[in-house]
Every structure is written in structure tokens, then in C-alpha cells.
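Note sheet for the following structure.
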Amino acid sequence: MDIRVYRDYHEMSRAAAQIIADQIRSKPDSVLGLATGSTPEGMYAELVKMYREGKVDFSKATSFNLDEYVGMDPSDPRSYHRFMRVNLFDHVNFAPGKTHVPSGIGDNLDEQAMEYERMIAAAGGIDLQVLGIGMNGHIGFNEPGSPFDSRTRVVDLSEQTVSVNREKTEAESLPTQAVSMGMGTILQSRRIMLLANGAGKAEIVSRAFKGPITTDVPASVLQRHPDVIVILDAPAARLLDSK
Ligand code: GLP
């Protein structure tokens, strides 16, 4: 795996934004898989800056986000729809209808999840998938135990995930279910870029990338993918050499 360690969060965010910009430059109609969470916020800020400076053009690109909470209205401040608008979509030039976030509302979420898979396939599949990593090794909202061949579906969130995310976002409450791209969906991406920062992620990063491949640590399956870049700041990389 291509593991790259940067001095600090700012440097890693810049490097990650550069990888996305290079992807779009080499293939303007790239299909991007996008992630939420605090980790990629700096990368999105850099991309907005690069767009304003004329260094990246999203006009032909398409995006598919990883996940959304069940029952979450897209206008809810806690929703991932809203996160993406505030951090990226409202500030750059994706064409109308070219950005996608799974819907957490509707009469038949299972059918909608299958439709999401069909839309990704119809767009040609994901060229570059961005990921963060949860404290328990989850990617998207694929919690420990998620089958490696799972597809977009409704998932139950662990108590730890709900409470960590609630604290981070200062939300009073959060749903205990989500719609998430599956492990199989993520693994089908042609390239994957996982970001992690901070000392709090050091242990799970080392378990995921230096430990055995196991569904107990969902991100560990990325070791099997032929084209993964892991972008870390120095604190998150702290335990990588000791295992
Ligand atoms: C959420 C998201 C994940 C994200 C994770 C880590 O649970 N569903 O996609 O990677 O949080 O979040 P953070 O980047 O805030 O640590």
C-alpha cells in the first residue's frame, strides 16, 4: 500500500486535494466517491480554494457520496447532504444533477439503495473513492462485521459510532441507522484514497494497515485492493512502524 505521511493536517489536506485535482485533470469526467466527517473538511477547503484560483474544474465530473443517516432530511444541519453542500457543492461547479448522496428518507430504502448502485454503475463506476476511517475501523458506515461483498444498504450503527459522531458534531441526537455504500461497492472503485489524522486514529490506522485482514476491522480489507493511497498526518502514523 502507498502510505504517505505529512507533517500536519494542513499538509495532508493539501496533498489529498492535489490528488483529486490531478484525477480530474487527467480525466475531466471522473466519477468521484466522496466522504463526510471532520477528516476531509480541510481537503474540501483546499479544493474550493483551488477552484477559485482556476486550478480545478468540476464541470464534467460526477460524485457519489458514501452514506447518509436514515430519516435525515437533506436540509437538516446534521445531514451529510447538508455537510456536502456547505463544504463543497455550494462553492464549486459540478453540473446540476451530477452530485449524489444516498437518500435516508423514502418508502423503500432498500430499493433506493439498489437504485444508487445502478446509478454508480451507469456512471461507469467510481474512479477515485475518498474515505475516512471510524474509531472502530469502519469505512463509510460499514461497521465491524460488514461482509466484504456487501452493497449499498441500510445498516445499524454501533453505540460507539453514534456517540463519537454525536460528540464531534455537537448534535443532541443522531439516528442509529444509516444508508451506506457497501464494502463491495467501495472495493470496486478503481482507486481509493483514505485519510486519517490525529493521535486518536493512530491505533486503528495501525490495526487496519499493519494487522490482519478481518471483517472486525473493515478498513483492513483495503490491503487487498491494488491501488490504495493512505494519507496520514504524523500523529496518526505514530504506531505504524512499531507493529
Ligand atoms: C462517519 C462517516 C465515515 C467517517 C467517520 C470518521 O462515521 N460515516 O465516513 O470516515 O465518521 O469521521 P471523522 O473524520 O470525523 O473522524
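As the structure lists them, so they are numbered: ligands from 1, and atoms in each ligand from 1. As the structure is a prediction and not an experimental result, all values here were calculated from the model.
- Protein heavy atom closest to atom 5 (C) of ligand 1, with residue, atom name and distance, is H138 NE2, 3.6 Å.
- Those atoms of ligand 1 that come under 4.0 Å of a heavy atom in F141, given as number and element, are 1 (C), 7 (O), 8 (N).
- Looking only at heavy atoms of the protein, atom 16 (O) of ligand 1 is closest to K168 NZ, 2.5 Å.
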message = For F83 and E41: C-alpha separation, side-chain torsions, deciding distance, then whether side chain to side chain contact (heavy atoms under 4.5 Å, CB included) applies.
response = CA-CA 9 Å; F83 175 100; E41 282 177 2; 3.5 Å; yes

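- Here the shortest heavy-atom distance to atom 2 (C) of ligand 1, taken over F83, Y80, Y69, belongs to Y80.
- Among all protein heavy atoms, the one lying closest to atom 4 (C) of ligand 1 is T36 O, 4.0 Å.
- G37 CA, 4.0 Å is the protein heavy atom nearest to atom 12 (O) of ligand 1.
- Atom OG1 of T169 and atom CG of L174 lie 5.0 Å apart (nearest 0.5 Å).
- Ligand-side atoms of ligand 1 in range of N165: 1 (C), 7 (O), 11 (O), range being under 4.0 angstrom from any heavy atom.
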request  = Using the side chain to side chain donor-acceptor pair (under 3.5 Å) rule, take R151 and Q188 through it: C-alpha gap first, then chi angles, then the decisive distance, then the call.
outcome  = CA-CA 10 Å; R151 311 303 306 192; Q188 251 174 18; 3.1 Å; yes

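- For atom 8 (N) of ligand 1, the closest non-hydrogen atom on the protein side is D67 OD2, 2.8 Å.
- Nearest to atom 6 (C) of ligand 1 among the protein's heavy atoms is I133 O, 3.6 Å.
- A side-chain contact (heavy atoms from CB on, under 4.5 Å) with T185 holds for exactly one of D149, T152, N142; it is T152.
- Within the 4.5 Å cutoff, the side chain of Y69 has heavy atoms near those of the N165 side chain.
- Taking 4.0 Å as the cut-off, K201 counts as a neighbour of ligand 1 on heavy-atom distance.
- Between E143 and R153 there is no salt bridge, since no side-chain N of the basic residue sits under 4.0 Å from a carboxylate O of the acidic one.
- Residues L66 and I186 meet the side-chain proximity criterion, which asks for heavy atoms closer than 4.5 Å.
- In the candidate list G132, S180, G140, G140 is nearest to atom 3 (C) of ligand 1, counting heavy atoms.
- Taking the six-membered ring where the residue is Trp, F94 and F89 present perpendicular rings, their angle passing 60° and hence far from 30°.
- Not a single heavy atom of A35 lies less than 4.0 angstrom from ligand 1.
- Looking only at distances, no side-chain donor or acceptor of Y80 sits under 3.5 Å from a matching main-chain atom of A35.
- Ranking the protein heavy atoms by distance from atom 14 (O) of ligand 1 puts T39 OG1, 2.5 Å first.
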